[in-house]
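Heads up: the structure comes next, in structure tokens.
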Amino acid sequence: MNIKSKFNKYAYVCLIFAVVMLCLSGCDSKQPHFGKSNPLPTSNSSSEESETTGNICIIQELNMIEETVTVYDTVSTRVLRYKYSLATRFLDKYGDESSALNFTPGTAVVLGDKLKSNSLSKIQMSDKTWTQKGVTNYSIDYDKKKMNIGSGTYQLSENVCVYAGNETISILSIGDSDTLTVVGKDKTILSIAVTTGHGYIQFVNTDGFEGSMVQIGSKIFTKVTKDLLTEVPEGSYDVTVANDGVGGTVKADVKRGEITVIDLSGVQKAGPKSCKLTFVSSQPDVTVYLDGNQVNVNQELDVGYGRHTVTVKAAGYSDWNRTLYVNSPSAKIEIDMSNTSNSNSTSTANTSQNKTNSTNTTNSTAEVDYLSTISNMISTLAGND
């Protein structure tokens, strides 16, 4: 083979390699496939911007310092950046004036034409899409690319946009305890924004509390296992544990994506503690047993912190059983037989709040929801877990 043919062959190989790399870079400029995080915008050419006009776009970033808006065009699948200015009108889906602060990542919008200043004439929320805020009752089937919200089932778009704050994340990063804002069109989900994320609490030195319950905040209760690691919505909590007459409360500040470690050895050394517990009833035919022993109704009892069994008996009703975790200085549980049903059930409950709750009374204070639940369950001699 002569030198010229070798050179031609080498040039041909280089040309093929350049074409392949160009194709790959072209794919990278678009929204990635399901399950991956979104790339940074790669283009803002005038030809691409003109194609976006009228299309449903998802806001990725509204940069108020640089006065730019970055969007993902759901039709062209391009990620583009535009300028806006004081002349740009921010409108809600009905065409009324709105604040730029309402145009957060994940918002579906339609963009207007460009003004002479090269900024957009308007950014308007799409009236072709729907938005569900505060979504907590959901599940995601990653294999089938479907999402259940309540009783509804939706298809996840191939390039669904997922955000946490101002960051673009993978849909695989969504936790079971996250609160979401979901945007879709018909039965297809276009974007998901995590409005309340999750972190983790890692319990260490759990030996003295294993098998008992831990209370995180007012509504999270879980069984203590060896070096328990549990997912928790981001926020600040009072964390309470109790077992075998010992218990206490520690503070926990859970940050998104981080692990907060709680050492239970300090709580274990706190010493024996007890609760002033009273079962309250105005009816004479109710009998209450605590740990198998009959106790006096309407009389204060000194009950050690930890796990106890409660049984309520009444003529004409099946026995009612509960496992009670005592972890508060005092508690009152009212037993009201005026609205009862003949049933038998076994479950767990907690006396972590010093409150008295009456039957058939809804308490709007989150801190007493769980004690309210046990009060209502006992009073009706019913309830299922």
Side-chain angles (χ1 to χ4, degrees), residues 26-41 52 54-61 70-80 92-93 102-111 124-200 219-220 222 229-235 254 256-257 384-385:
C27 291
D28 287 343
S29 69
K30 295 185 178 183
Q31 191 81 352
H33 290 294
F34 177 88
K36 298 181 180 179
S37 58
N38 303 333
L40 293 174
T52 301
N55 294 347
I56 295 176
C57 298
I58 304 298
I59 288 183
Q60 287 198 336
E61 180 190 34
T70 304
V71 299
Y72 167 68
D73 185 343
T74 62
V75 177
S76 68
T77 68
R78 292 188 177 98
V79 179
L80 304 170
D92 64 19
K93 64 189 301 182
N102 295 325
F103 291 73
T104 55
T107 305
V109 298
V110 176
L111 305 179
Q124 182 172 357
M125 295 180 184
S126 171
D127 62 355
K128 306 296 183 184
T129 60
W130 49 262
T131 301
Q132 292 192 39
K133 296 183 179 181
V135 176
T136 56
N137 183 17
Y138 62 86
S139 62
I140 301 175
D141 188 326
Y142 299 101
D143 294 329
K144 295 182 180 179
K145 299 178 182 177
K146 293 184 180 296
M147 182 174 185
N148 295 320
I149 302 177
S151 59
T153 300
Y154 303 86
Q155 185 71 42
L156 291 161
S157 66
E158 181 66 23
N159 298 315
V160 61
C161 302
V162 187
Y163 306 96
N166 291 320
E167 296 183 2
T168 302
I169 64 172
S170 165
I171 193 171
L172 303 176
S173 301
I174 297 177
D176 295 337
S177 60
D178 291 349
T179 301
L180 312 176
T181 294
V182 182
V183 175
K185 184 177 185 294
D186 301 325
K187 298 296 288 186
T188 300
I189 292 176
L190 303 178
S191 74
I192 302 171
V194 178
T195 54
T196 302
H198 66 276
Y200 302 88
K219 294 185 178 181
I220 303 175
T222 189
L229 176 67
T230 184
E231 179 183 301
V232 181
E234 59 184 319
V254 179
R256 184 177 300 186
N384 295 307
D385 283 5

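By convention here, the first residue in the shown sequence is residue 1.
Atom CG of N166 is surrounded by 12 or fewer heavy atoms from other residues, nucleotides or ligands within 6.0 Å.
Distance CG/L180 to OG1/T195: 6.5 Å, rounded to 0.5 Å. Here I56 contributes atom CD1 and S126 contributes atom OG; the two are 4.0 Å apart, rounded to the nearest 0.5 Å. We find the CG-OG1 distance between N159 and T74 to be 10.0 Å, quoted to the nearest 0.5 Å. The structure places CD1 of I58 at 13.5 Å from OG1 of T70, a figure rounded to the nearest 0.5 Å.
Applying the side chain to side chain donor-acceptor pair (under 3.5 Å) test to residues at least two apart or on different chains, the pairs with a partner in residues 175-184 are S177-E231, D178-H198. Listed by first then second residue, pairs satisfying ring-ring contact (aromatic ring centres under 6.0 Å, His included) with a partner in residues 171-197 number zero, not counting sequence neighbours.
Summarising the geometry of F103 relative to I59, their closest heavy-atom pair is CB-CD1, 3.6 Å, with the distance given to 0.1 Å. Between Y72 and Q60 the shortest heavy-atom distance is CB-NE2, 4.2 Å. Here the shortest heavy-atom pairing between P105 and A193 reads O-CB, 3.8 Å. Among all heavy-atom pairs drawn from V110 and G54, the shortest one is CG1-CA, 3.8 Å.
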Which donor-acceptor pairs under 3.5 Å do side chains of residues 183-192 form with protein atoms, sequence neighbours excluded?
{"unit_1": "K187", "atom_1": "NZ", "unit_2": "T153", "atom_2": "O", "d": "3.3"}
{"unit_1": "S191", "atom_1": "OG", "unit_2": "G106", "atom_2": "O", "d": "2.6"}

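Side-chain contact between V182 and M147 is present, with heavy atoms from C-beta onward closer than 4.5 Å. Between M125 and N102, some side-chain heavy-atom pair lies under the 4.5 Å cut-off. Contact annotation: the side chain of I140 approaches that of L156 to within less than 4.5 Å [non-hydrogen atoms, C-beta and beyond].
In this structure, E61 has no side-chain hydrogen bond (donor to acceptor under 3.5 Å, both in side chains) partners at least two apart in sequence or on a different chain. Remark: Y138 engages no residue in a ring pair (Phe, Tyr, Trp, His ring centres under 6.0 Å) (not counting sequence neighbours). Scanning for side-chain hydrogen bond (donor to acceptor under 3.5 Å, both in side chains) contacts around S139 gives N148, with sequence neighbours left out.
Judged by distance alone, the side chains of Q155 and K146 do bring a donor and an acceptor atom under 3.5 Å apart.
Of the possible donor and acceptor atoms, one in the side chain of E234 sits under 3.5 Å from a partner among the backbone N and O of G197.
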